[in-house]
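Here the structure is laid out as structure tokens; the discussion comes afterwards.
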Amino acid sequence: MGIKKVGVVGCGLMGHGIVQVAAQAGCDVIALESDQGFLDKGLARIQKSLAKMGEKAVQKGKQTEEQAAAFAKDAFGRITGSLDKNDLADCDLVVEAIVEDLDVKKALFAELGKICKADTIFASNTSSFPIAEMADASGRPARFVGLHFFNPVQLMRLVEVVRTDKTDDDVFAAARAFGEAVGKAPVSCKDTPGFVVNRLLVPYMVQSLLMLDRGDASKEDIDTAMQFGCGHPMGPITLTDYVGLDTTLSILEGWVERYPDEPAFEIPQVLRTKVEEGKLGRKSGEGFYTWDGDKKA
Ligand code: 3HC
């Protein structure tokens, strides 16, 4: 794989996972944040996740305790935290995983376009914004793709690799190869709203919330139905909490604005109300359920 040095902008929910899987795959990684506190939090999450994964590998007999500790130490040692965008200048790939705000992302890529070496590949982990708009803003649309990972990045096997009309074939191939190198199954997607997964998943989550709003079934029953009736690891309402109610709302708001005639893109009132109340799901400790860290209370 030609990609040896990776920059990840944003070390939050998704970004820290992308940093971790890239480091586990042997890449040198710059983890860029805007604030030392966010950076420390992201790096602490990575350490915790590496320790957990090592513990599981030992339990399963795949590694000895010493091997697991050495693997975690090596992976963490390949990560350099930074608050300075200039540290991304010589990266082969820069993945953006910052706040879901298209203007902020476009401004970031315009800046990175001036900082990074000419052949750096840029990728956005956006859930729902058009890749082409960010690609144009970067000034290097031929070297731009979407790399959409799933939460939790360390465990979910998929990465969507999104190309625009302007993406070079070799850039797209390199992005797919990177996805494979970090242990994911890459799927090729066109630059359409929500790509494959979110185009299917978000309307499904919406329908579950509308069902709850109408009183068709309780949240527990809706979740149990989809878990045991369809074999999903989590029901849709738990999953909305897991993804984040603010994230889900912001995806929907973007779509409703751009595609007002698409009936699948509808915003349930209960979602707006919860977000207004600061009930954002797992990340705030309460959404449709109450949460104790990563688990439902
Ligand atoms: N790092 C390391 N280990 C982790 C981890 C992490 N980040 N997160 C969880 N684990 C570990 C847990 O600690 C646990 O270990 P244990 O068995 O020793 O206790 C183990 O993984 C299993 O986790 P859980 O016991 O919490 O429960 P599950 O067996 O249900 O697995 C799950 C968790 C993999 C998250 C599973 O529930 C799942 O697949 N849920 C669906 C997630 C999903 O659909 N994600 C996609 C969301 S959409 C998205 O991301 C797109 C975006 O654009 C909106």
Side-chain angles (χ1 to χ4, degrees), residues 1-98 108 112 115-117 119-125 145 147-159 161 174-186 293-294:
M1 186 184 59
I3 294 170
K4 305 260 181 276
K5 183 167 180 184
V6 178
V8 180
V9 187
C11 205
L13 188 66
M14 300 300 288
H16 88 277
I18 301 170
V19 169
Q20 182 178 334
V21 295
Q24 285 172 189
C27 297
D28 291 322
V29 189
I30 305 287
L32 189 90
E33 255 299 352
S34 55
D35 169 284
Q36 188 65 46
F38 292 148
L39 182 59
D40 292 343
K41 201 171 162 202
L43 295 176
R45 268 175 135 164
I46 292 171
Q47 276 187 306
K48 194 171 161 208
S49 174
L50 283 168
K52 183 83 208 170
M53 294 179 97
E55 203 180 287
K56 294 205 101 174
V58 173
Q59 268 169 19
K60 288 183 182 161
K62 290 185 180 168
Q63 285 179 326
T64 63
E65 271 184 37
E66 294 70 29
Q67 285 167 331
F71 179 82
K73 188 166 177 256
D74 280 359
F76 198 72
R78 281 190 281 274
I79 301 169
T80 307
S82 168
L83 303 178
D84 181 359
K85 293 189 189 83
N86 291 304
D87 289 339
L88 303 176
D90 64 343
C91 286
D92 303 309
L93 169 72
V94 174
V95 186
E96 166 274 316
I98 62 170
L108 170 74
L112 293 180
I115 292 173
C116 295
K117 63 181 180 175
D119 62 352
T120 301
I121 296 174
F122 288 160
S124 173
N125 179 59
V145 290
L147 273 176
H148 184 217
F149 290 87
F150 293 83
N151 177 23
V153 177
Q154 295 90 341
L155 303 186
M156 302 307 283
R157 288 284 321 282
L158 187 70
V159 61
V161 188
R176 279 191 61 106
F178 172 74
E180 273 169 18
V182 300
K184 305 300 172 198
D294 281 351

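Scope of the values below: all heavy atoms of this structure, side chains included, with no hydrogens, waters or symmetry mates.
Looking at heavy atoms from C-beta onward, Leu32 lies out of side-chain contact with Val94 at the 4.5 angstrom threshold. Counting heavy atoms from C-beta on, the side chains of Val58 and Glu55 never come closer than 4.5 Å. Side-chain contact check for Lys52 versus Gln154: every heavy-atom pair is 4.5 Å or farther apart. Between Ile46 and His16 there is a side-chain heavy-atom pair separated by less than 4.5 Å. Annotation: side chain of Glu33 is in contact with side chain of Leu83 (closest heavy-atom distance under 4.5 Å). Using a 4.5 Å heavy-atom cutoff, the side chains of Phe178 and Ile121 are not in contact.
Residues Cys11 and Ala31 share a closest heavy-atom pair of SG-CB, 4.3 Å. Between Ile115 and Ala89, the shortest heavy-atom distance links the atoms O-CB, 3.6 Å. Ala25 approaches Ala181 most closely through the heavy-atom pair CB-O, 3.3 Å.
Sparse packing is recorded around CZ of Phe38, with 12 or fewer heavy atoms of other residues, nucleotides or ligands lying under 6.0 Å away. Enclosure of atom CD in Gln67 by more than 12 non-hydrogen atoms of other residues, nucleotides or ligands within 6.0 angstrom is indicated.
With Asn125 contributing its side chain and Val95 its backbone, the two residues share no donor-acceptor pair below 3.5 Å. A donor-acceptor pair is defined here as one N or O able to donate and one able to accept, closer than 3.5 Å; such a pair exists between the side chain of Asp92 and the backbone of Lys4.
Between Val161 and the choices Glu180, Lys184, Arg176, the side-chain contact (heavy atoms from CB on, under 4.5 Å) rule is met once, by Arg176.
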